[in-house]
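Inspection log for the structure reproduced underneath, given as structure tokens.
Remember, predicted model here, so these are calculated numbers, not experimental data.
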Amino acid sequence: MVEGALKENAFLGKTILITGGGTGLGKTMGQYLSSLGANLIITSRKIEVLEKTAQEINENTGHPVMPIACDIRDIEQIDHLLKKAEETFGSIDMLVNNAAGNFISPTERLSANAFSTVIDIVLKGTVNCTLAFGKNWIEKKQKASILNIITTYASTGSGYVVPSAVAKAGVLALTRSLAVEWGKYGIRSNAIAPGPFPTKGAWDRLLPGELLEKFDFKNRVPLKRVGEHQELANLAAFLLSDFAGFINGEIVTIDGGEWLQGAGEFNNMEAIPLEMWDQIENTIRNNNKS
């Protein structure tokens, strides 16, 4: 069981907004940040889920958690979100762009609407939130921190999740670009690129039935396990905190070495039984002699 990494009350007096904060990794990050003293705002489209999560986190940590329904594809709803948040807490110090959508499918089977849906949530939603909050911080001369949750395939690309890969690549570019442009305002911009961190609801939808068992992601990871949610929450808390005050424009991968495992041309040769290596070495040795 992984424990929290930061000291008690590391975020006391700070207000953090997490999109997609009602479930999965967003919920885990929110739980941990609240336990460190943060005022927490969680948002998604489903208010019932948000209210349940807010109550659960508040009961566990004793710190305020405000749930607000918001479709981040709609800039007017984001403006309302920002207004309500400031009315309640005075200001927002940190933004975690975590909301996402995805389809696992051959690209040619996707409709233009399905492709656009993922782009609208992941890329445009992140842009909408970042612009609304960023402009507000700049106008008020307030230092702040943005943390975007992307994926390892944002930089490598990946078949069968092309809309997500395209959208997350855009968020990666946004992260690095604004780190340069908004650094002068004291606004840091970083991202986390997670590997496999299973969340039951999301993974069941993406890989239904026996597919989840067949494509066991821990077999792709050199550490032979998937990530624990607290490990990602620890990293998120660090990057948002003052301890990471000189980290800006970084994409931090947390995947147990998965993308490196897939990057090397011969990495999959770990599947060769030990006894077969003797045969391979003898063959190479004999070929070199001839």
Side-chain angles (χ1 to χ4, degrees), residues 15-34 38 40-54 57 65-82 84-85 92 94-104 113-134 144-154 161 163-175 178 189-194 197-203 205-206 229 232-233 235-236 239-240 251:
T15 300
I16 304 172
L17 187 144
I18 303 177
T19 68
T23 59
L25 293 173
K27 179 180 178 180
T28 302
M29 288 187 286
Q31 167 74 36
Y32 184 47
L33 293 167
S34 177
L40 186 65
I41 304 162
I42 55 174
T43 185
S44 72
R45 287 178 291 170
K46 298 180 179 179
I47 189 60
E48 299 84 3
V49 173
L50 292 171
E51 289 174 341
K52 182 179 178 182
T53 296
I57 293 176
V65 184
M66 184 170 73
I68 304 179
C70 177
D71 185 340
I72 59 173
R73 296 172 294 183
D74 185 343
I75 191 64
E76 290 185 0
Q77 291 190 41
I78 294 173
D79 289 339
H80 174 73
L81 167 67
L82 178 56
K84 289 284 290 183
I92 296 90
M94 303 160 196
L95 168 65
V96 180
N97 286 308
N98 171 70
N102 201 357
F103 298 104
I104 292 184
N113 183 61
F115 207 109
S116 295
T117 296
V118 176
I119 299 292
D120 288 347
I121 295 171
V122 177
L123 179 54
K124 290 184 180 178
T126 297
V127 169
N128 289 342
C129 290
T130 301
L131 278 178
F133 282 78
S145 181
I146 301 168
L147 181 63
N148 298 318
I149 308 301
I150 58 170
T151 62
T152 51
Y153 57 71
V161 285
S164 175
V166 169
K168 293 289 190 179
V171 177
L172 186 156
L174 178 73
T175 302
L178 290 183
S189 179
N190 293 295
I192 295 175
F197 282 82
T199 55
K200 181 172 176 52
W203 282 45
R205 287 192 299 272
L206 289 172
H229 284 208
L232 189 140
L235 177 58
L239 289 173
L240 289 168
I251 314 300

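Put simply, CD1 on I68 and CG on L50 are 9.5 Å apart, with the number rounded to the nearest 0.5 Å. T117 OG1 to N102 CG: the interatomic distance, rounded to the nearest 0.5 Å, is 12.0 Å. Atom CD1 of I150 and atom NZ of K168 lie 7.5 Å apart (nearest 0.5 Å). In this structure, the separation between CG on L81 and CG on N128 is 11.5 Å, given to the nearest 0.5 Å. Here the CZ-OG distance, from R73 to S116, works out to 11.0 Å after rounding to the nearest 0.5 Å. Interatomic distance, CG of D74 versus CG of D120, reported as 11.5 Å (0.5 Å rounding).
At distances below 3.5 Å, not a single donor-acceptor pair connects side-chain atoms of S34 with backbone N or O atoms of G30. Put simply, the side chain of K124 never gets that close to the backbone of A167: no donor and acceptor are under 3.5 Å apart. Under a 3.5 Å cut-off, the side chain of H229 and the backbone N or O of G26 do not form any donor-acceptor pair. Checked by atom type and distance alone, the side chain of T19 pairs as donor or acceptor with a backbone atom of A99 at under 3.5 Å.
The two residues L25 and F197 come nearest to each other via the heavy atoms CD2-CB, 4.0 Å. In terms of heavy atoms, G101 sits closest to I121 at N-CG2, 4.2 Å. Nearest approach of A193 to I251, heavy atoms of both residues: CB-CG2, 4.1 Å. Considering all non-hydrogen atoms of both residues, A132 and I78 come closest at CB-CG2, 3.7 Å. When all heavy atoms are compared, the tightest approach of A85 to I41 is CB-CD1, 3.3 Å. N97 approaches C129 most closely through the heavy-atom pair OD1-CB, 3.5 Å.
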- Message: Using side chain to side chain donor-acceptor pair (under 3.5 Å), reason through T126 and N148 one step at a time and then give a plain yes or no.
- Response: CA-CA 8 Å; T126 297; N148 298 318; 5.3 Å; no
- Query: Between I146 and F133, is a side chain to side chain contact (heavy atoms under 4.5 Å, CB included) present by the stated rule, with each step listed?
  - Reply: CA-CA 9 Å; I146 301 168; F133 282 78; over 6 Å; no
- Given L33 and L240, is the side chain to side chain contact (heavy atoms under 4.5 Å, CB included) satisfied, shown in steps? CA-CA 10 Å; L33 293 167; L240 289 168; 4.0 Å; yes
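In this structure the side chain of I149 reaches within 4.5 angstrom of the side chain of P194, judged on heavy atoms. Contact check for T130 versus L174: side-chain heavy atoms found under the 4.5 Å cut-off.
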